[in-house]
Protein chains: 2
Amino acid sequence: MAKNYHVAVVGATGAVGTQMIELLEQVTSFEIGKVSFLSSARSAGKKKTFRGEEITIEEAKPESFSGVDIALFSAGGSVSKALAKEAVQRGAIVIDNTSAFRMDPTVPLVVPEVNEEALKRHAGIIANPNCSTIQMVAALEPIREKFGLNRIIVSTYQAVSGSGISAIQELKDQSRAILDGEDFTPEYLPVKGDKKHYQIAFNALPQIDVFTDNDYTYEEMKMINETRKIMEDDTMKVAATCVRIPVVTGHSESVYIEVEEAGVSAQAIQEALKNAPGIVLEDDPANQIYPQAALSENKKEVFVGRVRHDLDDPKGFHMWIVSDNLLKGAAWNSIQIAESLVKLEII
Amino acid sequence: MAKNYHVAVVGATGAVGTQMIELLEQVTSFEIGKVSFLSSARSAGKKKTFRGEEITIEEAKPESFSGVDIALFSAGGSVSKALAKEAVQRGAIVIDNTSAFRMDPTVPLVVPEVNEEALKRHAGIIANPNCSTIQMVAALEPIREKFGLNRIIVSTYQAVSGSGISAIQELKDQSRAILDGEDFTPEYLPVKGDKKHYQIAFNALPQIDVFTDNDYTYEEMKMINETRKIMEDDTMKVAATCVRIPVVTGHSESVYIEVEEAGVSAQAIQEALKNAPGIVLEDDPANQIYPQAALSENKKEVFVGRVRHDLDDPKGFHMWIVSDNLLKGAAWNSIQIAESLVKLEII
């Protein structure tokens with residue numbers, strides 16, 4: 001008889017947690033016997049419906065994880081640092097959507113289409129990569145597998161929902177204020193905890209997360225380091241410029257790559273993408289077909305288009321990669337990890 | 001006695017033409033004795049004020065250019081093709097802001113800070129480069145001059161005003177419709193004359209101008225070809241991905257470059273920019289200082305920030321370049337060309 005899993009969602013009222021719950025309702029690849037929806041003390045007591053049943057949200061505490069098989073964390077790095085190990089000690093496997101453990105060498109960092117096998121090396125915690133990393137490596141892995149990959153230079157066009165529900169509201173309120181010619185005070189973006197806040201509506205902000213000592217942002221360093229870890233190639237050249245734009249949901253990325261093999265055509269790259277799991281090739285310039293953030297919303301796939309040869313470097317290619325940052329970039333990738341754990345009989 | 005120039009503006013009611021007229025009002029480096037504001041038959045008869053005087057807009061015809069010394073064209077490529085040579089035949093020097101003559105080898109393509117001397121080779125028509133090209137070459141020339149430049153890879157974040165007044169209105173109307181949960185029909189962007197039109201509000205469209213046979217857009221090919229022409233280096237590697245985002249005015253660019261010289265530091269790049277004409281270095285990550293489209297509006301300078309070394313390539317650097325696409329990207333560069341023509345005693 002198949003096992004009935006007890007699944008906990010930590011951060012159940014957040015932008016990603018809400019998506020996790022909706023996706024869990026649709027899971028058919030394993031049985032869910034029980035769910036626990038956990039949050040901060042502030043949101044505890046609120047209710048959410050799950051498969052027709054009303055579930056009361058509880059405050060996340062160490063003892064909340066007794067009996068939990070799979071704990072999906074998406075409540076910020078500090079919550080994960082405080083509670084993930086408590087959950088593991090109580091027998092759960094943690095799938096953590098924060099950056100708390102991503103670069104820990106004992107923690108697999110997994111995009112199932114890319115490195116599902118890494119799950120077998122887990123020691124309790126599995127990390128879900130950063131949203132902007134996930135969609136990029138999902139699209140580039142089929143290319144790397146066939147032709148090798150030496151270099152990535154990415155510029156991102158990231159949606160505000162990556163910063164949470166308050167950032168979405170700020171974009172909407174600010175947009176309306178500007179259209180109405182009214183004053184407004186930026187309070188949240190680019191980074192809630194940083195010193196200064198700037199207009200995001202009708203603007204582009206080249207800062208996501210705070211700056212590190214080398215003048216790159218943490219978001220940029222996440223893309224660089226996580227890509228190398230997931231692709232298991234410490235020498236791959238990766239560069240990133242991460243930019244927030246006034247889009248609600250759907251990250252877009254302008255990506256330049258250099259492959260290892262000589263003589264590869266843009267058509268061969270497109271063929272590799274066409275047959276790749278989780279990838280949809282939308283690439284027909286003559287008919288103006290290319291991926292768009294607004295069209296990616298509520299879809300689980302990663303969309304790739306504008307694939308073309310660099311005009312100078314025979315091993316260079318450009319492309320445009322788009323995905324729903326709350327789904328494949330966060331909640332859906334976490335659920336896929338849970339599905340892989342069951343499929344590989346790790347849990 | 002200094003000459004009194006007769007200046008004509010063709011496209012006087014457009015987004016760029018309007019800016020040209022405002023900038024002409026402020027010109028002090030040469031005397032303007034007379035202005036002619038020209039447009040299509042449809043807009044003829046409207047009035048504009050110039051230095052306190054009411055000027056009636058006239059339909060642009062060959063004979064409109066009799067007595068004109070400087071004719072500023074910004075009414076679309078077809079108007080320039082029909083009338084620029086007529087103006088030259090009547091003794092005017094044409095400064096053309098369309099793409100009609102940019103790649104003509106007899107036409108200088110000029111950003112005064114970069115290649116003012118090319119004006120001396122004019123044969124009646126001088127071309128103003130594409131907006132996205134101007135700000136990039138203005139920022140990169142001081143670097144090329146000091147350290148050499150082998151390669152440019154740019155991803156743009158372009159404002160809708162580059163597509164004219166109707167595109168601005170479309171972004172505003174669509175934004176409001178989406179905020180109000182109302183339906184809307186895209187009618188203009190990404191390209192008025194193309195087959196399909198897409199949502200621009202809260203979206204990113206990787207298409208500016210129509211596609212060419214090599215799957216690049218004309219906008220991308222403009223950036224590539226114009227950069228080589230202005231920098232007079234046919235072998236420079238240039239690649240571009242051009243993207244329209246929901247910003248009214250102010251183009252942003254994520255630019256990767258490789259310099260020729262070894263041992264160059266990010267600080268040396270910043271120093272070169274700090275002292276360059278028309279450039280403002282806004283680069284202090286610790287204090288969250290970087291260029292922003294919304295802050296560039298109505299300013300004539302090109303703003304550069306986020307200058308940092310590539311983490312893998314010792315000759316590689318990344319930066320973020322922002323400018324008002326209607327001013328330095330169009331109207332202001334044209335006025336600067338007129339000022340240079342007078343200064344160099346070409347006219």
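Chain letters run A, B, ... following the sequence lines, proteins first and then strands; every chain starts at 1. Just so you know, these numbers come straight off a predicted model, no measurement behind them. Below, all heavy atoms of this structure are taken into account, side chains as well, without hydrogens, waters or symmetry copies.
- A/Ser252 contributes atom OG, which lies 9.5 Å from atom OH of B/Tyr157 (distance to the nearest 0.5 angstrom).
- Of the two parts of B/Asp213, neither the backbone nor the side chain holds a non-hydrogen atom closer than 4.5 Å to a non-hydrogen atom of chain A.
- For the 3.5 Å distance criterion, the side chains of A/Tyr290 and B/Gln207 qualify, holding a donor opposite an acceptor.
- Contacts with chain B were tallied for A/Asn287, A/Ile178, A/Val160, A/Asn214; A/Asn287 has the most, counting heavy-atom pairs under 4.5 Å.
- Only the backbone of B/Thr156 has a heavy atom closer than 4.5 Å to any heavy atom of chain A.
- When heavy atoms are compared at a cutoff of 4.5 Å, B/Val191 does not approach chain A at all.
- When each of B/Val248, B/Ile245, B/Thr249 is paired with A/Phe202, the side chain to side chain contact (heavy atoms under 4.5 Å, CB included) condition holds for B/Val248 and for no other.
- At a 4.5 Å heavy-atom cutoff, the contact between B/Thr217 and chain A is made by backbone and side-chain atoms alike.
- Applying the 6.0 Å contact sphere to OH of B/Tyr218 captures no more than 12 heavy atoms from other residues, nucleotides or ligands.
- Of the two parts of B/Ala159, neither the backbone nor the side chain holds a non-hydrogen atom closer than 4.5 Å to a non-hydrogen atom of chain A.
- Of the two parts of A/Glu220, only the side chain, counted from C-beta on, holds a non-hydrogen atom closer than 4.5 Å to a non-hydrogen atom of chain B.
- In terms of heavy-atom pairs under 4.5 Å with chain A, the best-connected choice from B/Val243, B/Leu205, B/Leu295 is B/Val243.
- B/Pro291 touches chain A through its backbone: at least one of N, CA, C or O sits under 4.5 Å from a heavy atom, while the side chain does not.
- For the pair A/Lys237 (side chain) and B/Asp313 (backbone), a donor-acceptor distance under 3.5 Å is absent.
- Heavy atoms closer than 4.5 Å to chain A are found in the side chain of B/Arg306, but not in its backbone.
- Using a 4.5 Å cut-off between heavy atoms, B/Leu311 touches chain A through backbone and side chain atoms alike.
- At a 4.5 Å heavy-atom cutoff, the contact between B/Ile224 and chain A is made by side-chain atoms alone.
- Atom CG of A/Asp183 is surrounded by 12 or fewer heavy atoms from other residues, nucleotides or ligands within 6.0 Å.
- Of the listed residues (A/Ala294, A/Ala293, A/Ala201, A/Ser175), the one with the most heavy-atom contacts under 4.5 Å to chain B is A/Ala294.
- Interface remark: A/Ala286 contributes backbone atoms only to the contact with chain B (heavy atom separation under 4.5 Å).
- Counting all heavy atoms, side chain and backbone alike, B/Asp310 lies closest to A/Ala239 at OD1-CB, 3.4 Å.
- Contacts with chain A (heavy atom to heavy atom, under 4.5 Å) involve these residues of residues 318-330 of chain B, listed by number: B/His318, B/Trp320.
- If you check the side chains of A/Arg308 and B/Thr241, you find a donor sitting under 3.5 Å from an acceptor.
- Nearest approach of A/Asp312 to B/Val238, heavy atoms of both residues: OD2-N, 3.1 Å.
- Among A/His309, A/Arg176, A/Lys172, the residue with the largest count of heavy-atom pairs under 4.5 Å with chain B is A/Arg176.
- Neither the backbone nor the side chain of B/Asp283 comes within contact range of chain A; no heavy atoms are under 4.5 Å apart.
- A distance of 3.5 Å separates CG of A/Asp194 from CD of B/Gln288, quoted to the nearest 0.5 Å.
- Heavy-atom pairs under 4.5 Å with chain B were tallied for A/Met236, A/Lys196, A/Lys195; the largest tally goes to A/Lys196.
- The two atoms that bring A/Val247 and B/Ala204 nearest to each other are CG2-N, 4.4 Å, heavy atoms only.
- Only the side chain of B/Phe211 comes within contact range of chain A, judged by heavy atoms closer than 4.5 Å.
- Within residues 148-155 of chain B, the residues having any heavy atom under 4.5 Å from a heavy atom of chain A are, by residue number, B/Arg151, B/Ile153, B/Ser155.
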